[in-house]
Amino acid sequence: MSRVLLLTMPEKAIGSGHSLRLHQLALALKRHQVTVAKWLLGGEAIPPFSGYRVVLLDCRDSAFPDWALKSRATKIALDNRGPGRLQADIAYDALPHFAMSDSEYSRALSAVLLHPWLTQKPPRVSDANFVWYHSAEEAYAAAGWPKGQRRLSPLQFLQHLADCAAVPCYFGQTLFEACYLGKKIALYAFSDYHQQLAQDFLHRLEKSPNILSALDGQGLNRLCQLILKQL
């Protein structure tokens with residue numbers, strides 16, 4: 001019987017980052033003998049299983065489906081600034097956001113869900129430095145990365161990240177992976193929204209240079225422990 005249900009959408013709709021971090025969360029929970037099921041949203045179907053105690057939604061700013069709202073499960077909304085945040089029993093932030101207070105921002109940095117392959121290494125956040133670029137092309141050129149290179153597996157990408165001298169990225173999961181590794185980061189805007197997130201991040205960093213010390217690599221364990229307490 002499933003105890004924890006993880007909800008997201010297909011990668012083609014929201015990218016691969018949500019699915020990848022849920023995969024690592026599922027593995028962490030299974031190490032604690034928790035049964036975990038994953039369900040992709042986007043249709044009217046209801047999962048063919050029941051008895052879950054926790055339902056976690058990692059789907060940008062979406063709402064919980066009606067069938068989840070009607071269940072007795074504890075509802076956790078992950079990085080949700082939409083209706084799901086208001087519907088949830090627990091709103092959990094694992095990425096910082098410009099709407100946060102300084103203390104909330106620090107907590108979100110401590111909650112970033114980094115891959116265990118990365119967190120086997122000690123954090124080097126004090127070595128990270130940033131340069132802002134006005135386009136992805138400029139950022140990739142400055143970092144010396146060939147744009148559009150062959151697609152790597154998640155582990156191959158992390159290995160490449162660890163080996164390279166500089167990383168081109170927009171505000172998101174890769175930014176904080178690169179921060180943890182202490183890389184030179186060529187930051188650019190993927191959209192107006194990402195630009196607002198990135199510029200707020202740089203402003204906070206200028207104001208409080210030690211803010212990244214909260215990125216200690218224990219975010220996956222912290223979320224896992226929170227879920228275990230609900231079971």
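None of these values were measured; they are calculated from a predicted model.
Under the 4.5 Å side-chain criterion, counting only non-hydrogen atoms from C-beta, Leu212 is in contact with Phe201. Considering only heavy atoms from C-beta on, Leu25 comes within 4.5 Å of Leu220 through its side chain. Side-chain contact between Arg85 and Asp93 is present, with at least one heavy-atom pair separated by less than 4.5 Å. Val112 has its side chain out of reach of Tyr180: every pair of non-hydrogen atoms, C-beta onward, lies at least 4.5 Å apart. Side-chain contact between Phe157 and Thr174 is present, with at least one heavy-atom pair separated by less than 4.5 Å. Contact annotation: the side chain of Leu109 never approaches that of Cys179 to less than 4.5 Å [non-hydrogen atoms, C-beta and beyond]. Inter-residue side-chain proximity for Phe98 and His203 is flagged as unmet; no heavy-atom pair is nearer than 4.5 Å. In this structure, the side chains of Gln173 and Leu20 stay at 4.5 Å or more apart for every pair of heavy atoms.
Taking CG from Leu29 and CD from Gln225, the interatomic distance works out to 9.5 Å, rounded to the nearest 0.5 Å. To the nearest 0.5 Å, atoms CG (Leu56) and OG1 (Thr8) are separated by 9.5 Å. The line from CG of Leu158 to CG of Asp163 is 11.0 Å long, rounded to the nearest 0.5 Å. Rounding to the nearest 0.5 Å gives a distance of 8.5 Å between OH of Tyr140 and SG of Cys169. Summarising the geometry, atom CD belonging to Glu177 is positioned 10.5 Å from atom CD1 belonging to Ile185; distances are rounded to the nearest 0.5 Å. Gln195 CD to Trp132 CH2: the interatomic distance, rounded to the nearest 0.5 Å, is 4.5 Å.
Contact between Ala143 and Ala186 at its shortest, heavy atoms only, is CB-CB, 4.4 Å. Listed here is the closest heavy atom pair of Glu104 and Met100: OE1-CA, 3.4 Å. The shortest heavy-atom contact between Gly42 and Met9 is CA-CE, 4.4 Å. Residues Tyr133 and Ala142 come closest through the heavy atom pair OH-CB, 3.2 Å. The heavy-atom pair separating Gln87 from Phe64 by the smallest distance is OE1-N, 2.8 Å. Shown here for Ala94 and Leu78, the closest heavy-atom pair between the two residues is CB-CD1, 3.8 Å.
Crowding of His32 atom NE2: a count of heavy atoms from other residues, nucleotides or ligands under 6.0 Å exceeding 12. By the 6.0 Å contact criterion, OH on Tyr170 is open, its count of non-hydrogen atoms from other residues, nucleotides or ligands being 12 or less.
Counting only distance, with no hydrogens or angles, the side chain of Gln230 and the backbone of Thr74 share no donor-acceptor pair below 3.5 Å. A side-chain donor-acceptor contact under 3.5 Å links His115 to the backbone of Trp117. Judged by distance alone, the side chain of Lys183 and the main-chain N or O of Ala162 form a donor-acceptor pair under 3.5 Å. Although no hydrogens or angles enter the test, the distance criterion places a donor-acceptor pair under 3.5 Å between the side chain of Asp79 and the main chain of Leu95. Looking only at distances, a side-chain donor or acceptor of Ser71 sits under 3.5 Å from a matching main-chain atom of Ala68. In this structure a side-chain-to-backbone donor-acceptor pair under 3.5 Å is missing from Asn129 to Lys184. Judged by distance alone, with hydrogens and angles left aside, the side-chain atoms of Asn80 form a donor-acceptor pair with the main-chain N or O of Arg60 at under 3.5 Å. Of the possible polar contacts, none joining the Arg3 side chain to the Leu231 backbone as a donor-acceptor pair under 3.5 Å is found.
The pair Asp58-Lys38 does not count as a salt bridge, with every side-chain nitrogen at least 4.0 angstrom from each carboxylate oxygen.
Under the 4.5 Å side-chain heavy-atom criterion for Ile, Leu, Val, Met, Phe, Trp and Tyr, Leu228 and Leu223 are members of the same hydrophobic cluster. Residues Leu187 and Tyr193 share a single hydrophobic cluster, defined by chaining ILVMFWY side chains whose heavy atoms lie under 4.5 Å apart. Under a hydrophobic clustering in which Ile, Leu, Val, Met, Phe, Trp and Tyr are joined whenever their side-chain heavy atoms come within less than 4.5 Å, directly or via other members, Leu69 and Leu41 fall into the same cluster. Hydrophobic clustering (ILVMFWY, side-chain heavy atoms < 4.5 Å, transitive): Leu175 and Val131 are in distinct clusters. Using a 4.5 Å cut-off between side-chain heavy atoms of Ile, Leu, Val, Met, Phe, Trp and Tyr, with links allowed through other members, Phe190 and Leu161 fall into the same hydrophobic cluster.
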Determine, step by step, whether Ile211 and Asp102 satisfy the side chain to side chain contact (heavy atoms under 4.5 Å, CB included) criterion, reporting the C-alpha distance in whole Å, the side-chain angles of both residues, the deciding distance to 0.1 Å, and the verdict. CA-CA 9 Å; Ile211 191 173; Asp102 289 346; over 6 Å; no
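The aromatic ring centroids of Phe171 and Phe176 lie less than 6.0 Å from each other.
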